[in-house]
There are 2 protein chains.
Amino acid sequence: MSGPAGGDASKADLVHRQLKEEIELGELAPGTPLSELWLVERTGASRTPVREALRRLAAEGLVDLVPRQGARVSRVSLQSVRDLFDFRTLLEPAAMRQATEAAAADPELRRLFTAMRNEFARTVRRVPSQARSRAFYELADRFDWAIIGATRNEHLRRTIAELRPHTARLRNLSHVDPQRVEVSVAEHLRMCDALLAGDADGAAAAIADHLEQSLATIFRNLARGPGEGLDLLG
Amino acid sequence: MSGPAGGDASKADLVHRQLKEEIELGELAPGTPLSELWLVERTGASRTPVREALRRLAAEGLVDLVPRQGARVSRVSLQSVRDLFDFRTLLEPAAMRQATEAAAADPELRRLFTAMRNEFARTVRRVPSQARSRAFYELADRFDWAIIGATRNEHLRRTIAELRPHTARLRNLSHVDPQRVEVSVAEHLRMCDALLAGDADGAAAAIADHLEQSLATIFRNLARGPGEGLDLLG
DNA sequence: TGTATACAAGTTGTATACAGTATCGGCAGC
DNA sequence: GCTGCCGATACTGTATACAACTTGTATACA
């Protein structure tokens with residue numbers, strides 16, 4: 001799944017993870033050239049593991065690889081954002097359905113989601129608005145991973161997991177809208193409630209709605225300020 | 001897309017393509033150990049491109065990679081077959097909808113699918129039943145690629161393309177049922193008709209039905225004869 | 001006889017040297 | 001002043017050598 005768990009750690013793994021994180025956080029802006037030698041200097045590993053990391057990132061779509069020219073951090077276009085969210089809207093409601101069924105059959109899982117539901121509620125009530133968005137996104141991340149973990153179908157699970165860095169990067173490249181956080185908390189509460197009620201259709205609808213609102217917000221923000229490293233060609 | 005088109009051809013590409021084909025055809029049975037040195041002897045390339053090919057195959061799920069032990073051709077379980085078809089049933093109707101819309105807007109594409117529709121019809125009428133299944137599968141392959149090519153969403157397109165080798169392998173590992181071919185031709189005709197009529201819902205339903213029938217056939221055949229390299233543990 | 005340990009073979013992980021190719025600069029010619 | 005050629009440079013693609021680890025076996029010992 002490559003997500004929160006950290007395995008043994010070959011150098012290729014380490015370089016991969018480090019680059020992935022930096023791309024996700026926007027520290028490596030879209031279009032940044034990633035020469036193998038530069039990465040060798042930067043990471044201390046030799047070319048072989050660096051190469052492997054780059055190939056993996058390319059397979060995940062985080063890096064564009066041109067055969068005899070080199071690698072660059074993949075660019076983000078309006079079209080790619082649309083494609084990403086359309087695809088997520090296809091996959092994630094299905095995952096939500098599976099998670100709902102899994103929770104209905106597993107008290108342990110229900111406890112987990114109940115706890116998260118309470119955390120979401122607490123976030124909006126108790127956390128000062130300064131730190132609120134950070135706390136919220138950290139929590140939303142854990143929620144996403146919980147859904148992924150509760151997804152039975154392996155292909156679905158892996159594919160959704162692979163999309164997450166793209167979404168995260170988008171969030172980090174565009175400016176966060178504090179107002180959006182309030183609404184997003186409400187959307188997450190609705191997802192939790194439907195899931196805990198065993199209402200698969202409701203949960204699916206809730207996440208579809210959430211995705212639609214997220215996309216709308218991103219587009220609004222892009223229209224306002226161009227953002228750090230976004231190509232608006234698409 | 002890595003499918004029918006063949007690019008420049010680095011050694012890593014060649015090894016990757018060759019192994020992929022052999023796994024697809026079942027010449028390399030599930031569970032076969034793939035030592036890097038063995039592949040070096042076999043392919044004439046050095047370890048570096050062989051390694052890269054193995055990593056790529058692992059990312060595609062065709063090879064299982066255990067960190068310090070080696071690679072094996074990935075095994076096929078009942079559960080993995082179910083997962084595969086469930087996932088395809090999620091993705092391919094959506095692709096079919098996009099292809100239908102694309103065809104409605106593009107006369108060139110309509111001509112292509114009209115031609116294919118006729119070929120399907122001809123297959124059942126004119127081709128002697130000896131060679132019929134081979135001809136059919138070759139045609140069905142081209143149909144699949146045409147759908148993939150007409151799919152607008154890049155994530156959807158790539159994901160579906162990546163699943164194809166798994167399906168093909170399954171077909172080649174289990175015994176082909178000649179009766180199934182007749183029915184499958186009819187299903188493809190129905191898909192073509194709906195697509196050409198601009199009936200996205202109908203096309204989506206047709207492919208969903210096709211997938212359901214395919215899965216049922218595979219399960220029937222597996223119940224009958226255990227097949228060549230299938231684990232029935234799942 | 002059963003268990004633990006040391007050894008040996010084979011494998012992957014990593015580093016590095018070499019070869020081929022694309023890019024960018026300057027320079028001659030028009 | 002502009003275009004086209006050509007060499008230098010830097011990069012990737014490939015091969016190979018070395019290191020670290022895992023597994024299976026044989027042997028010593030309780």
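When reading the values below, keep in mind they use all heavy atoms of this one structure, side chains included, and skip hydrogens, waters and symmetry mates.
In this structure, R111(A) and E108(A) have side chains that are in contact, with non-hydrogen atoms separated by less than 4.5 Å. Using a 4.5 Å heavy-atom cutoff, the side chains of T167(A) and S214(A) are not in contact. Side-chain contact between R17(B) and L14(B) is present, with at least one heavy-atom pair separated by less than 4.5 Å. Residues Q213(A) and R180(A) are in side-chain contact: their nearest non-hydrogen atoms beyond the backbone lie under 4.5 Å apart.
Taking 4.0 Å as the cut-off between side-chain N and carboxylate O, D141(B) and R171(B) count as a salt-bridged pair. With respect to E101(A) and R97(A), no salt bridge is recorded, no charged nitrogen being found less than 4.0 Å from a carboxylate O.
Within residues 33-42 of chain A, no residue has any heavy atom closer than 4.0 Å to DNA chain C.
Using cut-offs of 30° and 60° for the angle between ring planes, the F143(B) and H188(B) rings count as perpendicular.
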Give me, pair by pair, the N or O atoms of the protein and of nucleotides 14-16 of chain C that are less than 3.5 Å apart, along with how far apart they are.
residue, atom, partner, partner atom, Å
dT14(C), OP1, K11(A), N, 2.5
dA15(C), OP1, K11(A), NZ, 2.9
dA15(C), OP2, S46(A), N, 2.7
dA15(C), OP2, S46(A), OG, 2.7
dA15(C), O5', S46(A), OG, 3.4
dA15(C), N7, T48(A), OG1, 2.8
dT16(C), O4, T48(A), OG1, 3.4

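A close approach under 4.0 Å does not occur between any side-chain nitrogen or oxygen of R55(B) and OP1 or OP2 of dT12(C). Proximity of Q69(B) to the phosphate of dT23(D): a side-chain N or O atom is located under 4.0 Å from OP1 or OP2.
Without hydrogens or angle criteria, N153(B) side chain to D83(A) main chain gives a donor-acceptor distance under 3.5 Å. Side chain of R110(A) to main chain of A104(A): a donor-acceptor pair is present (N/O by atom type, distance under 3.5 Å, no hydrogens or angles).
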| Which string of ( ) [ ] | and . matches DNA chain D, if you list each base 5' to 3' and count Watson-Crick or G-U pairs only when both distances are under 3.5 Å? | ||||||||||||||||||||||||||||||
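Going from atom CG of L65(A) over to atom C1' of dG13(D) covers 12 Å, rounded to whole Å.
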